[in-house]
Amino acid sequence: MSTIAHTQKRGFAGTVWEYLTTVDHKKIAILYLLAGGLFFLAGGIEAMMIRIQLAVPNNDFVSAGLFNEIITMHGTTMIFLAAMPLLLGFMNAVMPLQIGARDVAFPFVNALGFWLFFFGGVFLNLSWFLGGAPDAGWTSYASLSLASEGHGIDFYVLGLQISGFGTLMGGINFLVTIINMRAPGMTYMRMPLFTWTTFVASALILFAFPPLTVGLFMMLFDRMFGAGFFDAAMGGNTVIWEHLFWIFGHPEVYILILPAFGIFSEVIPTFSRKRLFGYSSMVFATVLIGFLGFMVWAHHMFTTGLGPVANAIFAVATMAIAVPTGIKIFNWILTMWGGSIQFTVPMLWAIAFIPSFVMGGVTGVMQAAAPADYQFHDSYFIVAHFHYVIVGGVVFGLLAGVHFYWPLMFGTMLSEKLGKVTFTFFLIGFHLTFFIQHFLGLMGMPRRVWTFLPGQGLETGNLISSIGAAFMFVGVIVLLINVVVTQVKNVKVGIDPWKDGRTLEWALPSPTPFYNFKQLPLVRGLDAFWIEKMEGKTEMTPAEPIGDIHMPNNSFTPFMIALGLFIGAFGAMYHVDDKGWALPVLIIGLAVAFASMLYRSIKDDHGYHIHKEELLDDADKGGTR
Amino acid sequence: MANLQSNSGEPKVNYEYRRKKSAEDMRMQVVTFTMMIFFTVIAFAAVGAGFSKWFILPFVLLLAIVQVVFQLYYFMHMSHKGHAVPQFFMYSGILIAFLTILAFLTIIWW
Amino acid sequence: MAAEEKFTPQTWPESPEQATLEGKNKFIGFWLFLGGETVLFASLFATYLALKDSVPSPDHALAKDLFELPLVFMMTMLLLTSSLTSVFAMYHMKNYNFKKMQTWLFITVVLGFGFLGCEIYEFNHYVHEYEHTFTSSAFGSAFYTLVGFHGGHVTFGLFWIIALMVRNAKRGLNLYNAPKFYLASLYWHFIDVVWVFIFTVVYLMGMVG
């Protein structure tokens with residue numbers, strides 16, 4: 001193996017093979033973006049179908065049963081297969097560069113994490129073609145999901161189990177990378193905010209996914225092997241699922257929002273051309289949100305009858321989270337204060353995010369008041385609330401990130417003009433869709449209903465909401481056009497395309513060399529690249545002489561491990577139906593997975609070295625700079 | 001590459017010092033093990049002897065916690081330096097574990 | 001290649017498991033994984049405690065009818081001792097004594113299989129003598145899931161250690177495999193930590209009701 005193989009042009013098949021076997025965090029980031037983007041479109045189409053069905057009263061665009069499947073898959077897909085992978089994609093693309101690392105700590109595991117997520121997601125979505133999707137809501141509450149016929153819930157359980165393993169691996173990987181692989185001088189308190197939020201979100205992944213794993217196993221045992229965890233007739237208790245799900249589920253929403261906060265914390269200082277206001281309080285608030293995130297899960301269960309003491313404790317803990325979040329909001333505003341603001345597309349998203357997210361936060365505090373929650377619970381008010389935080393927070397963050405980091409990932413610049421069109425449509429559509437839903441909820445429209453009757457005052461609100469959804473849809477289509485147009489034009493940009501990049505990732509040449517840093521940079525403070533630029537330099541001061549660089553080898557094994565589990569999951573699922581072929585399929589699948597793991601652990605893989613001479617050669621040809 | 005952690009330029013002296021230190025460590029491990037066995041025997045004996053439930057429950061739980069602390073700090077070397085990160089994450093895990101178990105014991109009652 | 005460099009006891013570093021960046025990463029990563037495992041087992045314990053003695057009809061066996069001290073005591077001794085033998089193995093790893101390390105790992109594996117044998121006998125006993133099965137009650141499901149998850153970890157640990165011993169039998173210790181041995185031993189200790197709580201919470205506390 002030598003570096004030549006990596007720099008030469010490849011045919012189509014070669015490129016596909018490269019991506020199937022890659023362990024490079026930058027390429028895995030692209031894979032995450034691609035797969036997450038596809039699932040985002042699938043979830044978006046499901047959302048459109050929901051809004052078409054609810055546009056007018058007594059509609060029969062879809063049947064009631066199909067409607068249940070659509071809402072379940074919309075929620076599950078958007079959370080597990082779109083938002084989280086897209087954020088993991090940005091973490092992969094940006095975080096190692098921000099801390100001055102040559103790759104993540106475990107490149108192989110990184111690839112494995114992606115393929116597990118991907119196959120889990122494909123497995124879940126295949127349910128549409130194999131007898132019906134899960135239909136018990138994204139929370140899949142036990143009594144309902146145990147009664148659900150067909151294999152829908154089995155697809156949910158096995159698919160999430162597989163993709164959950166992938167996410168857990170990703171989380172551990174990022175934590176170790178940040179702990180062990182920061183460049184010389186990059187202390188914890190000099191880390192960019194996106195790295196900090198990646199760190200805290202990864203810690204949440206580490207502790208939140210095991211309860212989900214356990215809950216999913218129990219659901220699996222109950223449905224497939226006759227266990228009685230959630231079956232009251234056997235002495236089981238259905239509330240156990242709710243607890244396990246929300247012990248995972250509440251940190252999960254912080255896993256989503258914290259990295260989005262991180263993206264905004266990069267975008268706002270860049271385009272205000274000002275240092276982030278209150279950096280250390282931002283770090284403190286991030287850690288505190290992560291910490292409190294584990295103590296509030298029961299606020300999703302106020303109406304299950306936990307008792308007044310438990311409800312009071314969880315209500316107070318929930319309201320407490322508003323404090324660190326408020327700190328963040330004020331810091332962002334004060335970063336912009338007096339700055340020389342440039343209204344680029346990422347900045348527009350960041351500015352729109354602040355009021356939108358605050359609205360979601362305020363309704364959150366309203367629901368935290370347990371007695372009031374008895375009224376809001378399971379109404380459209382809740383739907384409005386969590387779409388305000390997840391779309392107004394996470395999706396805005398993702399869209400800001402796509403525009404902001406596109407030049408870093410692909411070496412081209414998305415069109416600002418089309419970006420502004422997307423922004424206008426999406427922002428107007430978003431508020432049209434969800435603002436009115438607060439009032440629909442307060443007027444008594446329950447969540448997850450298939451249709452509603454005329455003459456109850458719900459028609460206008462629902463129609464407005466559906467029109468808003470169409471606006472959002474147009475916004476996303478324009479974004480897709482933007483992506484295609486940009487890649488076809490293929491106008492390459494150079495170093496520091498936004499001109500005001502502050503952190504290390506913008507100090508790298510474009511496209512980023514596969515080894516990232518020829519020499520590890522010396523970090524002299526927060527916003528390392530900005531410091532150098534202020535002293536009139538154009539590049540970072542190296543912290544080491546040019547030397548050999550150790551690189552990991554590509555590997556097809558991660559794909560095989562994930563494929564094995566994917567095949568095995570089909571065997572496990574159809575085994576319940578007494579199908580003769582199911583058991584062999586299960587065994588073959590697991591055998592493929594375990595044999596691949598054994599192969600990985602037995603075969604030595606020391607990687608290879610890029611030699612000093614090759615690096616110097618590269619420099620002579622102007623390849624890197 | 002060799003001897004990254006050596007404090008002394010003299011490999012021989014350093015080597016002997018390390019051998020001695022790890023032999024001492026090992027003696028400590030054996031003492032730990034003896035105490036763990038001792039605690040286990042006491043715990044089983046307390047149940048076997050049929051003391052009151054309100055004595056046994058906290059007593060065996062306490063013994064288990066002490067034993068696990070030994071296991072973590074001596075057998076798994078968490079007492080050694082360079083274990084700040086493992087400690088932080090283990091304690092975070094233990095805190096969440098505690099909250100989970102507490103919740104399941106108190107607010108699942110029907 | 002640096003990772004396969006040959007050493008003598010004199011040149012062998014003090015913490016071989018953390019002498020390379022790869023080793024350091026694995027060391028931290030594995031501890032984080034154990035932090036996650038703590039929460040995993042906590043969820044299982046919590047479920048078990050919530051469902052303990054929760055049976056569909058009064059004629060089902062309860063915890064105090066099932067458990068017997070001598071067998072559990074023997075299993076505990078086997079696993080505790082195996083924890084000590086794996087400490088011995090790591091002691092010899094740090095002293096660059098490959099043969100002795102392999103010997104102690106072998107003893108660890110034998111003890112581990114002894115434990116597993118007892119557990120299989122125990123489960124079999126409950127199923128046939130008391131009709132206490134995985135599907136007979138929520139209590140049964142929770143019991144077998146908690147103890148079975150631990151048993152599964154023991155099985156995985158045994159195969160892991162065996163694979164390491166066989167793979168490295170001919171080439172001895174180097175900085176590439178030292179972290180692997182070290183992690184396997186950490187894993188084995190963690191299994192023992194979980195068992196300490198299982199024998200206390202499930203068996204001892206189960207017997208007094």
Side-chain angles (χ1 to χ4, degrees), chain A residues 102 104-106 109 168-169 171-173 175-181 202-203 205-215 217-218 221-222 225-237 239-241 243-244 247-248 294 548 550 552 594 597-598 601-609, chain C residues 1-4 18 20-48 50-57 60 133-142 144-146 148-149 159-160 163-164 166-168 171 174 176-177 180:
Chain A
R102 292 224 165 85
V104 291
F106 308 109
V109 174
L168 182 61
M169 287 176 192
I172 294 181
N173 202 350
L175 284 171
V176 178
T177 308
I178 295 174
I179 292 168
N180 272 354
M181 295 175 72
S202 301
I205 288 176
L206 173 64
F207 294 124
F209 270 73
L212 177 72
T213 307
V214 169
F217 265 123
M218 289 174 182
F221 292 159
D222 267 18
F225 306 128
F229 290 104
F230 310 127
D231 181 359
M234 284 172 73
N237 192 326
V239 176
I240 288 176
W241 166 267
H243 276 293
L244 288 175
I247 290 174
F248 149 77
F294 274 101
D548 290 2
H550 179 246
F594 281 106
M597 283 186 222
L598 193 67
S601 57
I602 284 181
K603 184 152 182 323
D604 285 359
D605 185 356
H606 295 305
Y608 63 98
H609 283 84
Chain C
M1 194 134 280
E4 299 218 329
Q18 292 193 71
T20 60
L21 176 62
E22 203 185 343
K24 276 196 192 85
N25 286 346
K26 283 186 175 178
F27 173 79
I28 295 290
F30 199 77
W31 269 106
L32 300 186
F33 169 73
L34 291 184
E37 287 263 277
T38 308
V39 182
L40 181 110
F41 275 103
S43 309
L44 290 168
F45 271 108
T47 308
Y48 173 81
L51 294 178
K52 184 180 164 231
D53 288 346
S54 217
V55 291
S57 62
H60 273 75
T133 69
F134 188 62
T135 54
S136 69
S137 64
F139 171 48
S141 308
Y144 286 109
T145 304
L146 169 60
F149 252 77
F159 284 109
W160 185 6
L164 279 181
V166 173
R167 172 66 183 94
N168 295 300
R171 62 174 175 184
N174 57 36
Y176 180 67
N177 59 29
K180 297 186 176 204

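We name chains A, B, ... by the order of the sequence lines, and we start the count at 1 in each one.
For chain A, the nearby part of C:L51 is the side chain; its heavy atoms alone come within less than 4.5 Å. Residue C:F27 does not touch chain A at all, counting heavy-atom pairs closer than 4.5 Å. A:M169 does not touch chain C: none of its heavy atoms, backbone or side chain, sits under 4.5 Å away. When heavy atoms are compared at a cutoff of 4.5 Å, C:K26 approaches chain A by way of both its backbone and its side chain. For C:S136, the part lying near chain A is the backbone, with the side chain staying farther off; criterion is any non-hydrogen pair under 4.5 Å. Neither the backbone nor the side chain of A:F209 comes within less than 4.5 Å of any heavy atom in chain C. If you measure heavy-atom distances from A:L244 to chain C, the contacts under 4.5 Å come from the side chain alone. Of the atoms belonging to A:A233, it is backbone heavy atoms, and not side-chain ones, that fall under 4.5 Å from chain C. Heavy-atom distances place both the backbone and the side chain of C:A142 under 4.5 Å from chain A. When heavy atoms are compared at a cutoff of 4.5 Å, A:S601 approaches chain C solely by way of its backbone atoms N, CA, C and O. For A:F230, no part sits under 4.5 Å from any heavy atom of chain C, backbone or side chain. Contact annotation for C:S137: both backbone and side-chain heavy atoms come within less than 4.5 Å of a heavy atom of chain A. In this structure, chain C has a heavy atom under 4.5 Å from the side chain of A:I179, while its backbone stays farther away. Heavy-atom distances place the side chain of A:I240, and not its backbone, under 4.5 Å from chain C.
With respect to chain C, the highest number of heavy-atom pairs below 4.5 Å among A:H550, A:M218, A:M234, A:M181 belongs to A:M234. The candidate with the highest count of non-hydrogen atom pairs below 4.5 Å against chain C, out of A:L598, A:I172, A:L212, A:T177, is A:I172. The candidate with the highest count of non-hydrogen atom pairs below 4.5 Å against chain C, out of A:A232, A:G171, A:P211, is A:P211. Of the listed residues (A:F229, A:F225, A:F207), the one with the most heavy-atom contacts under 4.5 Å to chain C is A:F229.
Heavy-atom minimum distance, C:R167 versus A:I602: NE-O, 2.5 Å. Taking both residues in full, the closest heavy atoms of A:N180 and C:L21 are given as O-CD1, 4.3 Å, listed atom of the first, atom of the second, then distance.
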